[in-house]
Structures are given as C-alpha cells and as structure tokens.
Amino acid sequence: HEHLATQAVRTFLGSLLASQKTFPGAPHVVVTTPSDQVHELGALSAAVTAASEGWNVTYLGPSLPSEEIAGAVTHNGSRALILSLIYPESDPLAAREMRKLRRYLPGTPMIVGGRARQSYSQVLSEIEAVVVNDLYEVRTVLESIRTTGGV
C-alpha cells in the first residue's frame, strides 16, 4: 500500500507542477535530491511550492550527482537551488556531493529541507545552506531571495 500511495501522491504533485505556467522574467530555481537520496516527495512538494510562488522551476527528480545539478543551475541561470534530504541519514556520499555543489555554485543560495536535514547539520553549516523546516519556510526564503537578492 505504501508504494501505491507514494505513486499516487507523486503523480498528483507532478501534474500540479506540470500545470504551472512559466513567467518571462521570473526568477528560476532548480529542485532535486543529491545522489543516493531517492525519496522525492519532499523535493517535488518544494518544486510545486516554488512554482505556486511565481518561480520558474526545473525539477530534476531524485538522486542526481552534483555535476548534473550544478550544470542545470548554471544552464538555467537559477537564483537558488532546493535540495531535499530524506533517507539515508548521515550518508557520507550526500555530504560529499553537497560540498562539491558549494564549490561548483559559490554564492548560489542552497535551500535544504527534509526529514534527514538534522543529521547533516555540520555539512549544511559548512556550506552555508539555508535550512528549512517546512514548506512555509521555503516560501519565506524564496521571497527573501526574490526581493533582496539574498537570504
């Protein structure tokens, strides 16, 4: 039942994201999960939230290497990157990937949420990520980036 429910929610959120309009001149954000973080509902929820706030969104899906994420951010001229961390917790690969992302994307706001975010607190502090606890905070941070250019 869990897989069926997850797929139903994923399909619903995916259709919401696909139905969002793009806005010329609106800021752009990339949303994904780092390598080995395969649970995507949090990232997909954040993507729908960003789109509903008037951002143009590129949702990359789950478990991408840092090089591909950084390439998408650069290619799209994104003003922010949103990452979701759900499972596994304290994964050394995810920590390495986030450090690489910071090297590839200096100055790009990295917004990080998800159930496992606390287990990565050291690396998130090191890379100066903006840690969010819920979708309301995602909205607040995106609004700050939009209006002031920073977090």
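Between the side chain of Ser63 and the backbone N or O of Asp36, at least one donor-acceptor pair lies under 3.5 Å. Looking at Arg79, its side chain does come within 3.5 Å of a backbone N or O of Ile145 through a donor-acceptor pair. Using a distance-only test at 3.5 Å, with no hydrogens or angles considered, a donor-acceptor pair links the side chain of Gln37 to the main chain of Ile86. Formation of a donor-acceptor pair under 3.5 Å by the Ser125 side chain with backbone atoms of Gln122 is not found in this model. Checked by atom type and distance alone, the side chain of Arg102 pairs as donor or acceptor with a backbone atom of Ile127 at under 3.5 Å. Checked by atom type and distance alone, the side chain of Ser144 never pairs as donor or acceptor with a backbone atom of Thr140 at under 3.5 Å. In terms of modelled atom types and a separation under 3.5 Å, the side chain of Asn76 and the main chain of Ser78 share no donor-acceptor contact.
Expressed to the nearest 0.5 Å, how far CD of Glu137 lies from OG1 of Thr49 amounts to 12.5 Å. Here the OG1 atom belonging to Thr32 is positioned 9.0 Å from the CD atom belonging to Glu68, to the nearest 0.5 angstrom. Separating the CZ atom in Arg96 from the OG atom in Ser66 is a distance of 10.5 Å, to the nearest 0.5 Å. Remark: Asp134 CG to Arg139 CZ distance equals 10.0 Å, nearest 0.5 Å. For the atom pair CG (Leu101) and CD1 (Ile69), the distance works out to 5.0 Å, reported to the nearest 0.5 Å. Of the inter-residue distances, the one linking Lys100 atom NZ with Glu67 atom CD reads 4.0 Å to the nearest 0.5 angstrom.
Proximity of His39 to Thr33: side-chain heavy atoms (C-beta onward) are nowhere separated by under 4.5 Å. For the pair Val73 and Thr58, the minimum side-chain heavy-atom distance is 4.5 Å or more. Side chains of Asn133 and Arg117 form a contact here, defined as non-hydrogen atoms less than 4.5 Å apart.
The shortest heavy-atom contact between Ala129 and Val112 is CB-CG2, 3.9 Å. Summarising the geometry of Ser84 relative to Gly114, their closest heavy-atom pair is OG-CA, 4.4 Å, with the distance given to 0.1 Å. Scanning both residues, Asp91 and Pro88, for their nearest heavy atoms gives CB-CG, 3.8 Å. The minimum heavy-atom distance between Trp55 and Leu142, with the atom names listed, is CZ2-O, 3.2 Å.
Taking hydrophobic clusters as Ile, Leu, Val, Met, Phe, Trp and Tyr residues chained together by side-chain heavy-atom distances below 4.5 Å, Val30 does not share a cluster with Leu135. In the hydrophobic cluster analysis, where Ile, Leu, Val, Met, Phe, Trp and Tyr join through side-chain heavy atoms closer than 4.5 angstrom, Val29 is grouped together with Val132. Residues Val141 and Tyr120 fall into different hydrophobic clusters, defined by Ile, Leu, Val, Met, Phe, Trp and Tyr side chains chained together at heavy-atom separations under 4.5 Å. With hydrophobic clusters built from ILVMFWY side chains whose heavy atoms lie under 4.5 angstrom apart, Tyr59 shares a cluster with Val138.
Within 6.0 Å of CD on Glu143 lie more than 12 heavy atoms contributed by other residues, nucleotides or ligands. Remark: Phe23 CZ is packed, more than 12 non-hydrogen atoms of other residues, nucleotides or ligands lying under 6.0 Å away.
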> What's the verdict on side chain to side chain contact (heavy atoms under 4.5 Å, CB included) for Val57 and Val48, showing C-alpha distance, side-chain angles and the deciding distance?
Replying inline: CA-CA 8 Å; Val57 177; Val48 170; over 6 Å; no
> Between Glu97 and Leu64, is a side chain to side chain contact (heavy atoms under 4.5 Å, CB included) present by the stated rule, with each step listed?
Replying inline: CA-CA 9 Å; Glu97 291 295 296; Leu64 274 116; over 6 Å; no
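Remark: of the listed residues Ile82, Val31, Leu83, Ile82 is the sole one forming a side-chain contact (heavy atoms from CB on, under 4.5 Å) with Ile111.
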